[in-house]
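Beneath this line is the structure, given in structure tokens, with notes to follow.
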Amino acid sequence: MILNKFSNLYKKYEKYISPIGLIYGFIFTSLTLTRVDMFLENFWIVVHLLIASFGIIAITYFENQIYLKKRGEEDREKFHFYLTLLIQFAFGGLFSTFFVFYIRSSSLIDSWFFIFLLLVLLIGNELWKKHYQRLAFQVSIFFISLYLFFVFLLPVLFHRLGVDLFVLSGIISLIIVFFFTKLLRKYSGERFKLHHNPLRISVLSIFVIMNLLYFTNIIPPIPLSLKNAGVYHDVLKNYSGNYEVRGEPALWQDYFNRYPVFHKQAGENVYVFSSIFSPVNFATEIVHQWQYYDEPKRVWVNSSKIILPISGGREEGFRTYSIKQSATEGFWRVKVMTLRGQVLGNINFKVEEVSISPNLIKKIF
């Protein structure tokens, strides 16, 4: 009786509950899930994967019971409602988590397409309720979730980035889905043949797309993330181990200006400072790729490539910087990226030469 009242109430207000649940889930995830290398964060993901897998197995089992006439058609709507809601809840939590983690590691300019796909999954989870009754769709979403999880879990466990770890994440996801479908075959019997080809095509398509996105550097270099970055007139490491930087005070107009002006005196160096988060015991190298804009040709031209080692564990990120001598007037950008070319972020600015030094303020990182 209580369950029936709940289902009727939910159906009545579903058009309000879904968007509110989506917004609340995203805010909750953003505030509570802090670091990609923490046990509780990854335990949260594993629990949701288990809930989703249980829901898929249960709905497959009950569908087969109806097919075998062991249950009546009147039971279909009841278990479809609750199990579909359970699966939707699990995948909603997963996609909220993935969206938060991946967007923290991404440059929106370079990874916008991948972030857009995650956003589609996050919002679509609230709109695809009826599709969760189809086995091929359920397993495909489950496979995407596994893949997105292992892409950052393996680097956290092995304390490094690498093509081999990405390839391994795909292989592990395929193996898990293979045995998962074996289990589903046991509960669906002969009916599984109806889903076999669509399921296989869907999973292989997802596998190919993920590899295309990775090898074109569209997937961000998770678990790394750019915590802070800026262009300064001077960077100095003080006696306490912190970095003192001197730069121009930010004006409110700068928040709407893609290329804030850097006022440079003749012979002055330009410093780009960055703080990059990486997990504990994580050691790798990042690149500051300096580029200037060739206005006559309308292209960005590489000026210098500076490789900087980083190590992990510091909450505020590992601090490092690069220096550019004789930076000419015009538009500049520094791409902070991995050795493979996956971009963490861009620092954009416009160099203008002046005869008098601008007013500078000091910050400590």
Side-chain angles (χ1 to χ4, degrees), residues 33 35-50 52-53 56 90-91 94-95 97-106 110-111 113-115 117-118 121 139-184 199-225 276-287 309-313 337-344:
L33 301 182
R35 289 177 47 155
V36 74
D37 60 335
M38 299 296 286
F39 172 79
L40 285 178
E41 272 76 345
N42 289 286
F43 180 73
W44 164 277
I45 295 173
V46 171
V47 167
H48 280 69
L49 285 169
L50 290 174
S53 61
I56 295 171
F91 284 131
L94 288 169
F95 292 139
T97 303
F98 295 145
F99 185 79
V100 169
F101 280 165
Y102 276 94
I103 201 170
R104 288 174 181 172
S105 296
S106 70
D110 298 89
S111 301
F113 183 68
F114 181 76
I115 299 303
L117 292 178
L118 288 181
L121 289 171
V139 177
S140 297
I141 298 297
F142 183 65
F143 176 64
I144 293 174
S145 302
L146 285 171
Y147 213 148
L148 292 172
F149 179 43
F150 284 111
V151 162
F152 66 79
L153 179 65
L154 294 188
V156 168
L157 295 177
F158 287 92
H159 311 300
R160 64 179 179 85
L161 291 171
V163 174
D164 58 330
L165 294 183
F166 178 82
V167 173
L168 183 60
S169 68
I171 293 172
I172 293 174
S173 301
L174 284 172
I175 291 172
I176 292 175
V177 165
F178 173 77
F179 284 106
F180 185 61
T181 54
K182 288 287 186 184
L183 186 62
L184 292 176
L199 194 155
R200 181 174 58 182
I201 293 171
S202 179
V203 168
L204 290 178
S205 298
I206 293 167
F207 181 80
V208 170
I209 291 171
M210 285 288 290
N211 278 270
L212 285 174
L213 293 175
Y214 177 79
F215 287 104
T216 53
N217 290 331
I218 294 176
I219 294 180
I222 195 169
L224 302 181
S225 64
I276 299 170
F277 169 80
S278 58
V280 176
N281 298 324
F282 198 101
T284 187
E285 293 176 319
I286 57 104
V287 173
I310 64 169
S311 60
M337 58 188 187
T338 66
L339 292 176
R340 278 200 63 255
Q342 294 168 288
V343 180
L344 285 156

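By the 6.0 Å contact criterion, CZ on Phe158 is open, its count of non-hydrogen atoms from other residues, nucleotides or ligands being 12 or less.
For the pair Ser105 (side chain) and Pro220 (backbone), a donor-acceptor distance under 3.5 Å is absent. For Asn217 (side chain) and Arg340 (main-chain N/O), a donor-acceptor pair under 3.5 Å exists by modelled atom type.
Within the structure, side-chain hydrogen bond (donor to acceptor under 3.5 Å, both in side chains) contacts touching residues 205-216 (residues at least two apart or in different chains) are Tyr147-Asn211. For residues 163-179, the set of pairs meeting the side-chain hydrogen bond (donor to acceptor under 3.5 Å, both in side chains) definition, not counting sequence neighbours, comprises Arg160-Asp164.
Between Val151 and Ile222, the shortest heavy-atom contact is CG1-CG2, 4.1 Å. Residues Pro279 and Phe282 approach most closely at O-CB, 2.9 Å, considering heavy atoms. Shortest non-hydrogen contact noted between Leu224 and Thr338 is CD1-CG2, 4.1 Å. Of all heavy-atom pairs spanning Glu41 and Arg35, the tightest one is CG-O, 3.4 Å. Shortest non-hydrogen contact noted between Pro155 and Leu165 is CA-CD1, 3.9 Å. Minimum heavy-atom separation, Gln342 to Ile219: NE2-O, 3.1 Å.
Two residues are said to be in side-chain contact when any heavy atoms from C-beta on lie closer than 4.5 Å; Val203 and Thr181 fail this criterion. The shortest side-chain heavy-atom distance between Ile218 and Asp110 does not fall under the 4.5 Å cut-off. Put simply, the side chain of Phe142 reaches to within 4.5 Å of the side chain of Phe91, judged on heavy atoms. Proximity of Ser225 to Ile276: side-chain heavy atoms (C-beta onward) are nowhere separated by under 4.5 Å. The side-chain heavy atoms of Phe143 and Leu148, taken from C-beta on, include no pair separated by under 4.5 Å. Using a 4.5 Å heavy-atom cutoff, the side chains of Leu49 and Ser145 are in contact.
Within the model, atoms CD1 of Ile206 and CD1 of Ile144 stand 4.0 Å from one another, a figure rounded to the nearest 0.5 Å. With values rounded to the nearest 0.5 angstrom, Leu161 atom CG is found 12.0 Å from Ile286 atom CD1. Here CG of Leu117 is found 8.0 Å from CD1 of Ile209. Values are rounded to the nearest 0.5 Å. Atom CD1 of Ile310 is separated from atom CZ of Phe277 by 10.0 Å, given to the nearest 0.5 angstrom. For the atom pair OG (Ser106) and CZ (Phe99), the distance works out to 8.5 Å, reported to the nearest 0.5 Å. Here Leu157 contributes atom CG and Phe150 contributes atom CZ; the two are 9.0 Å apart, rounded to the nearest 0.5 Å.
Taking the six-membered ring where the residue is Trp, Phe149 and Phe152 present perpendicular rings, their angle passing 60° and hence far from 30°. Classified by interplanar angle (parallel below 30°, tilted 30° to 60°, perpendicular above 60°), the ring pair Tyr102/Phe98 is perpendicular.
Using a 3.5 Å distance cut-off with no hydrogens or angles, the side chains of Ser202 and Ser140 do pair a donor with an acceptor.
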Begin with the C-alpha distance, continue with both residues' side-chain angles, and end with the deciding distance and a verdict on side chain to side chain contact (heavy atoms under 4.5 Å, CB included) for Ile172 and Leu154.
CA-CA 10 Å; Ile172 293 174; Leu154 294 188; 4.1 Å; yes
